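These notes are about the structure you will find just below.
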Amino acid sequence: MVEKVSATTAQIEYEKQKRKEEMKQQVITFALMIIFTIIAFGMVMAEMSKLFVIPVIIVLAAVQVGFQLYYFMHMSHKGHEMPAFMFYGGVFAAFLTILALVVLVWW
């Protein structure tokens, strides 16, 4: 009986530590996303060259989407392999569609 109680206590402590670490990662990610937004806004307000600003904003947006998916939508957790697969399949199909349209218009 004592063995079961100590095992349960250890499990509870493990879960607390795991949740604390996850919350820490989410706060850090949220802070990074705010910083990325401020950087993008600052570059636009500083009226930097469009040839520089647009690619940087696109990269920052892509990083923020990755943060959203992995930390706030919990796609990095076990059991989310199928939704992740479907999402990446959709992104790949969208990329192929855009690529085909660009090639058709360019050609």
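Just so it is clear, the structure is predicted and the values come from calculations on it, not from any experiment.
Dense packing is recorded around CD of E21, with more than 12 heavy atoms of other residues, nucleotides or ligands lying under 6.0 Å away.
There is no path of hydrophobic side-chain contacts, each under 4.5 Å, that joins M43 to I58. Taking hydrophobic clusters as Ile, Leu, Val, Met, Phe, Trp and Tyr residues chained together by side-chain heavy-atom distances below 4.5 Å, F41 does not share a cluster with V44. In the hydrophobic cluster analysis, where Ile, Leu, Val, Met, Phe, Trp and Tyr join through side-chain heavy atoms closer than 4.5 angstrom, I54 is grouped apart from V65. A continuous path of ILVMFWY side-chain contacts below 4.5 Å connects V56 to I38, so both sit in one hydrophobic cluster. Both F36 and M48 are members of a single hydrophobic cluster when ILVMFWY side chains are connected at heavy-atom separations under 4.5 Å.
Side-chain contact between L60 and Q64: absent, with no pair of heavy atoms (C-beta onward) separated by less than 4.5 Å. Looking at L32 and V63, their side chains never come closer than 4.5 Å, going by heavy atoms from C-beta outward. R19 is not listed as a side-chain neighbour of M23, based on a closest heavy-atom distance of 4.5 Å or more.
Q11 and E15 share a donor-acceptor pair across their side chains, judged by distance under 3.5 Å alone.
Rounded to the nearest 0.5 Å, atoms CZ (F85) and CZ (F92) are 11.0 Å apart. Between the CD1 atom in I57 and the OG1 atom in T37 there is a gap of 10.0 Å [rounded to 0.5 Å]. Note that the CD1 atom of I28 and the CZ atom of F67 stand 10.0 Å from one another [nearest 0.5 Å].
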